[in-house]
S.K.: 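Quick one: the structure is below, and I'll ask about it shortly.
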Amino acid sequence: MKRLWFFIELEPLCLLTYTIWDIEYVNYLALQSKENAMRFKIVLQVDKKYGNRLPFNYQYEQMAVIYKILSLSDESYANWLHDNGFELEGKQFKLFTYSSLIIPSLGLDKEHGCLYINSDTVEWYISFLPEKSTRQFIQGIFMEQTFQLGNRQNVVQFKVQSVEMLPALNCEEEAEFKTLSPMCISRREENGKTVYLSPADPYAKGAILMSLLNRYVAYYGKPYQGVLNYDFIVTNVPKPKLITIKADTSQQTRVKGFLCKFRMKGPKELMNIMYESGIAEKGSSGFGMVEKINHP
């Protein structure tokens with residue numbers, strides 16, 4: 001089978017090498033999706049000959065990888081998603097999200113601001129709401145061979161071992177979830193300062209609902225008009241996590257999110273938006289991805 005190789009460098013550091021496989025077979029896999037499921041489990045093999053030290057802050061580089069994968073499959077779609085997404089009253093909604101790397105065994109080096117990946121593989125979950133992205137992303141991810149995440153001091157090279165298309169959310173109008181990446185809820189104070197709130201804060205419940213309703217309008221082009229039986233309850237003590245975006249650049253910003261478990265009740269349409277594009281804010285920057293907790 002013929003292979004074409006690409007090598008791309010992103011800023012601050014995100015290196016990718018691509019192999020293009022048989023696109024007809026990739027299209028076949030995409031057609032096997034049921035109910036437009038657009039959630040993917042990606043198992044990454046750690047190439048330890050290049051090192052195993054990853055900086056604490058790598059979410060921005062993950063986002064850059066996603067856009068580059070999409071652009072190799074459909075550049076116009078990737079550019080639209082990056083520059084626009086879905087719009088509502090001048091505000092843009094990029095309806096996808098992704099998890100932090102799920103690392104089975106790791107060590108922490110707080111002095112140097114990095115972690116050590118001791119396991120041979122890690123998992124990465126990515127989810128899209130727009131229907132078009134199913135085919136485009138499947139094509140792109142199968143083109144991908146290796147990529148690097150990190151900065152100039154600490155970098156890890158990963159090789160895709162497998163890609164699994166996961167089923168759509170299967171639940172009634174109430175279920176329990178846990179976050180796979182920090183949940184971000186912010187509020188702008190009268191003095192213009194942005195404060196980040198715990199999901200246990202009384203403000204959070206209403207803020208999450210408004211976010212879902214706004215995304216519903218952006219995606220479907222009309223307000224939600226069904227019965228709105230909604231509730232949100234945190235079921236453990238939220239754990240704060242401070243994330244630096246575009247670390248060590250002039251655009252560096254810090255965002256606080258929280259890892260937690262929660263129960264949510266709502267119309268299936270809003271539950272699906274939450275599950276596929278993240279809960280609360282900044283889903284396309286790697287915040288708010290969740291996983292359903294299946295009780296025996």
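For clarity, every value in this text was computed on a predicted model and none was experimentally measured.
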S.K.: Less than 4.5 Å apart, side chain to side chain, heavy atoms only: is that true for Arg187 and Thr194?
M.R.: no
S.K.: Quick test of your reading of the model: are Lys41 and Glu123 salt-bridged, counting only N-O distances below 4.0 Å?
M.R.: yes
S.K.: For Val46 and Ser119, which heavy atoms make the closest approach, and how far apart are they?
M.R.: CG2-O, 3.9 Å
S.K.: If only atom types and distance count, is the side chain of Glu291 paired as donor or acceptor with the main-chain N or O of Lys178 below 3.5 Å?
M.R.: no
S.K.: Using the rule that Ile, Leu, Val, Met, Phe, Trp and Tyr join whenever any side-chain heavy atoms are under 4.5 Å apart, tell me whether Leu115 and Leu259 fall into a single cluster.
M.R.: no
S.K.: Taking all non-hydrogen atoms of both residues, which atom of Ser99 and which atom of Gln62 are closest, and how far apart?
M.R.: O-NE2, 3.2 Å
S.K.: Between Tyr125 and Tyr98, does the ring centre distance come in under 6.0 Å?
M.R.: no
S.K.: Should the pair Glu176-Lys292 be classified as a salt bridge under the 4.0 Å nitrogen-to-oxygen rule?
M.R.: no
S.K.: When you measure from the side chain of Thr97 to the backbone of Phe287, do you find a donor-acceptor pair of N or O atoms at a distance under 3.5 Å?
M.R.: yes
S.K.: Scan Ile102, Val65, Val163, Leu180 and name whichever one has a side chain to side chain contact (heavy atoms under 4.5 Å, CB included) with Trp124.
M.R.: Val65
S.K.: Picking from Leu149, Asn154, Val155, what satisfies side chain to side chain contact (heavy atoms under 4.5 Å, CB included) with Leu54?
M.R.: Leu149
S.K.: Side chains of Phe262 and Met183: does their closest heavy-atom pair fall under 4.5 Å?
M.R.: yes
S.K.: Where is the tightest heavy-atom contact between Val217 and Pro223, given as atom of each residue plus distance?
M.R.: CG2-CA, 3.6 Å
S.K.: Is it true that atom NZ of Lys48 has more than 12 heavy atoms of other residues, nucleotides or ligands lying nearer than 6.0 Å?
M.R.: yes
S.K.: With sequence neighbours excluded, give me every side chain to side chain donor-acceptor pair (under 3.5 Å) pair touching residues 101-114.
M.R.: Asp109-His112, Asp109-Tyr116
S.K.: Give me the ring orientation class for Tyr275 and Phe177: parallel if the planes are under 30° apart, tilted from 30 to 60°, perpendicular past 60°.
M.R.: tilted
S.K.: Is a side-chain donor-acceptor pair under 3.5 Å present for Gln252 with Thr244?
M.R.: no
S.K.: Say whether, by atom type as modelled, one donor and one acceptor occur between the side chain of Ser181 and the main chain of Gly286 under 3.5 angstrom.
M.R.: yes
S.K.: Can Tyr230 be reached from Ile233 by stepping across I, L, V, M, F, W or Y side chains whose heavy atoms are under 4.5 Å apart?
M.R.: no
S.K.: Are any side-chain N or O atoms of Thr249 and backbone N or O atoms of Gln251, one a donor and one an acceptor, separated by less than 3.5 Å?
M.R.: yes
S.K.: Are Ile279 and Tyr224 grouped together when hydrophobic residues (ILVMFWY) are joined by side-chain heavy atoms under 4.5 angstrom apart?
M.R.: yes
S.K.: Evaluate the side-chain proximity of Met264 to Met271: yes if any heavy-atom separation is below 4.5 Å, no if none is.
M.R.: yes
S.K.: Pick out which of Leu197, Val255, Ile243 makes a side chain to side chain contact (heavy atoms under 4.5 Å, CB included) with Cys184.
M.R.: Val255
S.K.: Grouping I, L, V, M, F, W and Y whenever their side-chain heavy atoms are under 4.5 Å apart, do Val43 and Met289 come out in a common cluster?
M.R.: no
S.K.: Which pair of non-hydrogen atoms, one from Val227 and one from Pro267, has the smallest distance, and what is that distance?
M.R.: O-CG, 3.5 Å
S.K.: Check whether any side-chain heavy atom of Phe158 lies under 4.5 Å from a side-chain heavy atom of Ile42, and answer yes or no.
M.R.: no
S.K.: Which pair of heavy atoms, one from Pro199 and one from Ala204, lies closest together, and at what distance?
M.R.: O-CB, 3.4 Å
S.K.: Any pair with a residue in residues 190-212 that passes ring-ring contact (aromatic ring centres under 6.0 Å, His included), sequence neighbours left out, goes on the list, sorted by first then second residue, please.
M.R.: none
S.K.: With rounding to the nearest 0.5 angstrom, report the CZ to CD distance, Arg53 to Gln153.
M.R.: 9.0 Å
S.K.: If you measure only the distance, is there a donor-acceptor pair under 3.5 Å linking the side chains of Arg215 and Ser277?
M.R.: yes
S.K.: Which atoms form the tightest heavy-atom contact between Lys261 and Asn236, and what is the distance?
M.R.: N-OD1, 2.9 Å
S.K.: Can you confirm whether more than 12 heavy atoms, excluding those of Arg263, are under 6.0 Å from its CZ atom?
M.R.: yes
S.K.: What is the distance from atom CE of Met63 to atom CZ of Phe96, rounded to the nearest 0.5 Å?
M.R.: 7.0 Å
S.K.: Quick one: do the Gln45 and Thr121 side chains pair a donor with an acceptor below 3.5 Å?
M.R.: no
